[in-house]
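Remarks on the structure that follows.
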Amino acid sequence: MSSEIKVTVNGTARAVPAGIRVREALEGAAGRDVIAARVNGKLYDLNRSLIEDATIEPVAAESAEGIDIIRHSTAHLMAQAVQTLFPGTQVTIGPTIEDGFFYDFAPPTPLTVEDLPRIEQKMRELAKADLKVERVEVPRAEAIETFDRMGEHYKVEILKGIPEDRVSLYKQGDWMDLCRGPHVPSTRYIRAFKLTSVAGAYWRGDEHNAMLSRVYGTAFASKEALEEHLRMLELARTRDHRKVGREMGLFLFDPIAPGQPFYLPKGLVIFNQLVDYMRRLYRRYGFDEVITPQIYKNELWHSSGHWDNFRENMFLSPDPEAHDSAVDRDAEGWRHGYGVKPMNCPGHTFVYRAEKRSYRDLPLRFAEFSRLHRAERSGVLHGLTRARVMSQDDAHIFCTEAQIEDEVASNLTMVREVYATLGFDRVEFKLATMPDQHMGTEEQWRMTEEKLASAMRRNEIAFELNPKEGAFYGPKIEIYVPDALKRRWQLATIQLDYNMPERFDLTYTTSASGEARPVMIHRAILGSLERFIGVLIEHTGGVMPLWLAPEQVRVLSLSEKVEDYAGELAALLKRHGFRATADIRNEKLGFKVREAELAKVPYMVVVGEREAAARQVSLRLLRGSKGQTLELAGLIEMLNAEPIPA
RNA sequence: GCCGAUGUAGCUCAACGGUAGAGCAACUGAUUUGUAAUCAGUAGGUUGCGAGUUCGAUUCUCGCCAUCGGCUCCA
């Protein structure tokens with residue numbers, strides 16, 4: 001090894017002594033905001049020594065990589081604080097996540113939220129102490145011995161699973177952790193963080209393993225960025241659909257029916273408007289709507305595979321006519337009993353089989369909005385976004401192999417149209433490919449995956465791969481939508497299914513008078529109406545476009561004298577097809593305006609004696625302009641001009 | 001289901017080992033109102049449910065139910 005190496009920074013190469021630290025090698029390029037560096041493409045600590053020629057790029061704290069490093073270092077800082085405060089606590093893993101980090105601990109007694117302020121305080125002390133973060137490489141066997149001596153059994157288990165002979169340890173003060181790195185040069189670089197919650201989490205995500213205490217937190221390069229993030233979280237809290245739904249009188253939940261919403265009149269307006277919208281699209285895109293039974297004999301679920309794969313999530317009932325309706329679900333009474341459908345697909349195969357199908361009939365597109373019930377485990381319920389009953393804008397397309405691409409392409413066009421209409425302007429697509437457990441040959445899979453990819457390319461859709469995440473019966477396109485609060489939701493999916501047609505022995509007559517098996521495409525665009533409405537409420541904060549607004553116009557009367565005029569106006573608006581009400585209560589205008597604003601009524605129409613005399617209205621828009629005076633015809637015209645998607 | 005927390009009036013919250021209180025909402029009355037809360041009064045609770053400890057439980061303990069934050073699963 002020569003005693004000099006060549007480093008290239010910002011395109012300028014120079015010779016430096018071997019063993020120089022990255023920070024020194026960067027020289028002037030390392031400003032105060034640089035926390036790490038990319039060395040020959042790999043992330044390095046600033047404190048790490050260089051032993052060979054290198055091209056070095058500084059990594060700024062604010063960059064995506066920089067923030068990730070800060071979060072990881074903050075997780076370490078937190079672990080150090082926790083182990084200092086709670087002796088006997090073992091550390092496990094502490095990765096960064098989408099907008100923060102967590103660390104799983106095995107403490108003598110579970111951590112609680114009350115512990116967070118103390119932990120944060122200790123973290124601040126440790127950060128202030130400006131502990132140098134040092135990387136040490138040791139043989140794996142030595143690391144195992146070290147952690148074993150420390151009583152860190154989880155770390156030992158992790159180490160045993162690492163293939164490399166040498167591993168890196170990070171030390172700060174008297175604390176040490178196994179870590180790939182890189183990290184900030186010293187704890188002083190960690191200045192903007194907040195611990196957000198504690199939760200139980202299983203070791204390695206397996207419920208058979210020990211329950212650990214997971215502490216979530218977040219960290220940013222600057223206090224300002226942290227505060228911005230906390231503001232977003234606060235906004236998310238105020239927009240929580242469970243809260244907004246109650247305030248706006250859209251739906252309610254009651255312990256008498258866990259996980260199932262009671263749609264109140266106003267909430268059902270939104271539901272029905274969405275369904276109507278999809279029905280209009282179905283006419284244009286060639287879908288036929290059907291309604292299939294809600295409750296089937298369990299023979300169906302045996303055929304479809306749901307009995308084996310989905311039974312835990314189904315509401316089952318013994319045969320009410322059986323003499324012995326045993327409570328044991330494996331007993332005969334249950335096997336020959338009934339199950340409430342959790343999906344529409346098996347039912348649709350019967351619609352397909354209603355006639356002998358020919359290639360000329362295909363593609364057949366059956367849509368259904370029926371309610372589906374799934375016995376979700378109690379701990380996962382979450383308002384409308386995770387319910388036990390839902391209606392999907394579900395459809396199953398039966399087509400030939402050759403038609404797959406066209407059908408998928410057409411549905412992708414529909415997906416984009418729907419999301420653009422509903423105000424989700426960014427949509428992300430992923431292609432989930434063959435999982436390890438799958439039916440059919442690898443060759444078939446590659447071919448059909450290519451069809452899905454090609455359909456996306458035809459729509460000029462850029463997509464990522466989601467390797468091995470397809471269903472066992474076919475690949476799928478996963479569609480993600482980020483909402484106004486920067487959270488990603490998966491609502492829509494398009495899935496190919498070779499399994500269901502097989503199980504129900506579906507066939508069609510080919511042009512050569514032969515028999516062939518159709519392919520089934522499962523697809524939903526809004527996904528479940530319930531979840532979609534929940535997401536829509538949080539996306540919009542409850543402020544709906546006119547066509548979705550439960551109450552579109554509210555006429556606010558100024559005094560008893562114009563009560564009749566207000567009532568007449570509301571009636572007129574209703575005749576024109578609008579959802580209008582009149583607020584003729586004995587209250588001041590300011591009070592009525594406030595209530596209409598809180599109810600998020602898009603159009604407020606104020607009438608006093610002036611307006612009544614001239615047969616006009618004074619218009620106020622939700623969170624917008626006020627005081628515009630209009631003739632009645634002008635008002636109707638204005639309302640009619642609002643877009644209603646077709 | 002598992003871990004942690006919570007459950008008091010329709011809603012938001014207070015109280016506390018000694019017969020539960022406020023604001024908003026509701027109802028009644030006064031006020032007749034000009035673009036985000038007019039005033040006064042009335043009514044409203046087996047403190048989630050069930051046990052236990054105690055002279056006495058909303059308060060302490062246990063079980064159940066539900067909810068919240070996660071795990072897991074998924075639309």
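Letters A, B, ... mirror the listed sequences (proteins, then strands); counts begin at 1.
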(message) At 4.0 Å (heavy atoms only), tell me whether L491(A) reaches a base, stays on the sugar-phosphate, or touches nothing.
(response) sugar-phosphate

(message) Could you check whether Y473(A) and Y498(A) have their ring centres less than 6.0 Å apart?
(response) no

(request) For F102(A) and C71(B), give me the distance from atom CZ to atom P, rounded to whole Å. (result) 8 Å

(message) Suppose you measure atom C1' in G23(B) against the same atom in A66(B); what distance do you get, rounded to whole Å?
(response) 26 Å

(request) Send over the distance from Y216(A) OH to A5(B) P, rounded to a whole Å. (result) 17 Å

(request) Report yes if at least one side-chain N or O of R214(A) is closer than 4.0 Å to OP1 or OP2 of C3(B); otherwise report no. (result) no

(request) Determine, using ring centers only, whether F251(A) and F271(A) are less than 6.0 Å apart. (result) no

(message) With no hydrogens and no angle check, just 3.5 Å: does a side-chain donor-acceptor pair link E478(A) and N466(A)?
(response) yes

(message) With a 3.5 Å distance limit and no angle check, can you tell me whether T433(A) reaches the backbone of K468(A) through a side-chain donor-acceptor pair?
(response) yes

(request) For nucleotides G45(B) and G10(B), find the distance between their C1' atoms and express it as a whole number of Å. (result) 12 Å

(message) Work out how far the C1' atom of G50(B) is from that of G7(B), and round it to whole angstrom.
(response) 15 Å

(message) With a cut-off of less than 4.0 Å, is there a side-chain N or O of S378(A) near OP1 or OP2 of G1(B)?
(response) yes

(message) Whether the side chain of Q552(A) engages the backbone of L546(A) through a donor-acceptor N/O pair (distance < 3.5 Å, no angle test) should be reported.
(response) yes

(request) Rounded to whole angstrom, note down the C1' distance from U59(B) over to G18(B). (result) 11 Å

(request) Establish, from distance only, whether the side-chain atoms of Y480(A) and E464(A) form a donor-acceptor pair under 3.5 Å. (result) no

(request) In whole angstrom, give me the gap between the P atoms of U32(B) and A22(B). (result) 30 Å

(message) Any base atoms under 4.0 Å from R374(A), or only sugar-phosphate, or nothing? Heavy atoms, all strands.
(response) base

Sub-3.5 Å pairs of nitrogen or oxygen atoms, protein against nucleotides 45-47 of chain B:
none

(message) Does anything in residues 523-542 of chain A come within less than 4.0 Å of RNA chain B? Heavy atoms only, and list the residues if so.
(response) S528(A), R531(A)

(request) Round to the nearest Å and state the distance from D115(A) atom CG to G69(B) atom P. (result) 20 Å

(message) Pair T540(A), L548(A) - check side-chain contact (heavy atoms from CB on, under 4.5 Å), show working.
(response) CA-CA 12 Å; T540(A) 60; L548(A) 284 174; over 6 Å; no

(message) How many whole angstroms separate atom CE of M390(A) from atom P of C74(B)?
(response) 12 Å

(message) In this structure, how many angstroms lie between the C1' atom of C74(B) and the CD1 atom of I479(A), rounded?
(response) 16 Å

(request) May I ask you to say what E609(A) touches in the nucleic acid, namely base, sugar-phosphate or nothing, with a heavy-atom cut-off under 4.0 Å? (result) base

(request) Would you kindly give the CZ-to-P distance between R554(A) and U35(B), to the nearest whole Å? (result) 18 Å

(message) Looking at the base of A25(B), is there any donor atom on it, or on the side chain of E595(A), that sits under 3.5 Å from an acceptor on the other one?
(response) no

(message) With no hydrogens and no angle check, just 3.5 Å: does a side-chain donor-acceptor pair link E611(A) and Y565(A)?
(response) no

(message) Under 4.0 Å, counting only non-hydrogen atoms across every strand here, what does A387(A) touch: a base, just sugar-phosphate, or nothing?
(response) base

(request) Sticking with atom C1', work out how far C60(B) lies from C11(B), rounded to a whole angstrom. (result) 30 Å

(request) Could you measure between the two P atoms, the one in C62(B) and the one in U6(B), and give it in whole Å? (result) 13 Å

(request) For C55(B) versus A15(B), give the span between their P atoms, rounded off to a whole number of Å. (result) 28 Å

(message) Does U32(B) have its OP1 or OP2 closer than 4.0 Å to a side-chain nitrogen or oxygen of R585(A)?
(response) no

(request) Would you please confirm or rule out a distance under 4.0 Å between OP1 or OP2 of G4(B) and any side-chain N or O of Y202(A)? (result) no

(request) Map K588(A) and N313(A) onto RNA chain B by nearest heavy atom, then report which one ends up closer to the 5' terminus. (result) K588(A)

(request) Determine yes or no for a side-chain-to-main-chain donor-acceptor pair under 3.5 angstrom, with R374(A) supplying the side chain and P342(A) the backbone. (result) yes

(request) Mind checking K561(A) for me? I need base, sugar-phosphate or nothing, with any heavy atom below 4.0 Å counting as a touch. (result) sugar-phosphate

(request) May I ask you to list the residues of residues 251-272 of chain A, by number, that have any heavy atom positioned under 4.0 Å from an atom of RNA chain B? (result) P255(A), P258(A), G259(A)

(request) To the nearest Å, give me how far apart CZ (R377(A)) and C1' (C3(B)) are. (result) 13 Å

(request) Extract the stems that RNA chain B is part of, considering only consecutive pairing runs of at least three Watson-Crick or G-U wobble pairs, both distances under 3.5 Å. (result) B:1-7 with B:65-71, B:10-13 with B:21-24, B:26-30 with B:38-42, B:48-52 with B:60-64

(request) May I ask you to check whether F105(A) and Y103(A) place their ring centers less than 6.0 Å from one another? (result) yes

(request) Would you please confirm or rule out a distance under 4.0 Å between OP1 or OP2 of C74(B) and any side-chain N or O of H382(A)? (result) no

(request) Check whether the side chain of E611(A) and the base of G34(B) form a donor-acceptor pair under 3.5 Å. (result) yes

(request) Assign G379(A) to base, sugar-phosphate, or nothing according to its heavy-atom contacts below 4.0 angstrom with the strands shown. (result) base

(request) Would you mind listing every side-chain hydrogen bond (donor to acceptor under 3.5 Å, both in side chains) that reaches into residues 589-600 of chain A, with sequence neighbours excluded? (result) S557(A)-K592(A), R585(A)-E595(A), E597(A)-R620(A)

(message) Within the 4.0 Å heavy-atom criterion, would you say S618(A) contacts the bases, only the backbone, or no part of the nucleic acid?
(response) base

(request) Give the rounded distance in Å between these two atoms: CD of Q392(A) and P of A75(B). (result) 8 Å

Taking only N/O atoms, report every protein-nucleotides 10-13 of chain B pair under 3.5 Å with atom names and distance.
from: U12(B); atom 1: OP1; to: R246(A); atom 2: NH2; distance (Å): 2.9

